[in-house]
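Here is the structure we will look at, set down as structure tokens.
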Amino acid sequence: MSPLAKISSVYGPRFAEFAFEPAFVAEVDQHVAELRERLSAGGPGLTPPAPDHADLTDYALGFLDALAELDWREPVGHDYAVCRLTAISWLVHRHGLLPEQRQGD
């Protein structure tokens with residue numbers, strides 16, 4: 001399973017929390033914006049383009065490595081890492097970056 005697929009399978013279910021956690025939505029939105037800027041997936045249009053699959057994968061791998069070095073464990077609630085991983089998952093879902101998401105295209 002690819003790193004983006006693993007992250008999406010674990011953090012995609014957190015999208016359900018958006019319905020009753022407006023602060024979580026705002027935090028994830030900020031992380032999405034930062035990731036788009038970092039990965040140069042921004043643009044002048046109103047609808048930002050999809051991030052490059054390879055760039056997002058490389059970023060995700062580096063982020064996961066850093067969490068492993070810190071011996072990070074997922075907390076109850078939302079810390080920086082949960083928000084960042086949920087943002088990665090949201091970008092994957094929003095832009096259909098997994099092969100199984102593109103089959104219907």
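The model shown is predicted, which means the values in this text are computed figures rather than measured ones. Quick note: residue numbers are just sequence positions, from 1.
Between Gln30 atom CD and Glu27 atom CD the span is 9.5 Å, to the nearest 0.5 Å.
The heavy-atom pair separating Thr86 from Tyr11 by the smallest distance is OG1-CD2, 3.8 Å. Closest approach of Pro48 to His95, counting heavy atoms only: O-CE1, 3.8 Å. Summarising the geometry of Ser89 relative to Ser8, their closest heavy-atom pair is OG-CA, 3.4 Å, with the distance given to 0.1 Å. Shortest non-hydrogen contact noted between Leu39 and Asp55 is CD2-O, 3.8 Å. Between Val28 and Cys83, the closest heavy-atom pair is CG2-O, 4.1 Å.
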Handout entry: Audit row: Val10, Leu85, side chain to side chain contact (heavy atoms under 4.5 Å, CB included) steps and yes/no
Key = CA-CA 9 Å; Val10 174; Leu85 292 165; over 6 Å; no

Handout entry: Verdict with supporting geometry, Arg36 and Leu91, side chain to side chain contact (heavy atoms under 4.5 Å, CB included)
Key = CA-CA 9 Å; Arg36 284 190 168 149; Leu91 284 167; 3.6 Å; yes

Exercise for the section: Please lay out, stage by stage, how Leu4 and Leu56 fare under the test side chain to side chain contact (heavy atoms under 4.5 Å, CB included). Expected result: CA-CA 8 Å; Leu4 294 182; Leu56 186 58; 4.0 Å; yes

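The environment of NE2 in His78 is crowded: more than 12 heavy-atom neighbours from other residues, nucleotides or ligands sit within 6.0 Å.
Tyr80 is connected to Val32 through a chain of hydrophobic side-chain contacts under 4.5 Å among Ile, Leu, Val, Met, Phe, Trp and Tyr, so both are in one cluster.
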Would you be so kind as to tabulate the donor-acceptor pairs closer than 3.5 Å made by side chains of residues 57-70, with sequence neighbours excluded?
residue : atom : partner : partner atom : Å
Thr57   : OG1  : His53   : O            : 2.9
Tyr59   : OH   : Arg84   : NH1          : 2.7

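Legend: residues meeting salt bridge (charged side-chain N to carboxylate O under 4.0 Å, His left out) with Glu74, ordered by chain and number and at least two apart, are Arg14.
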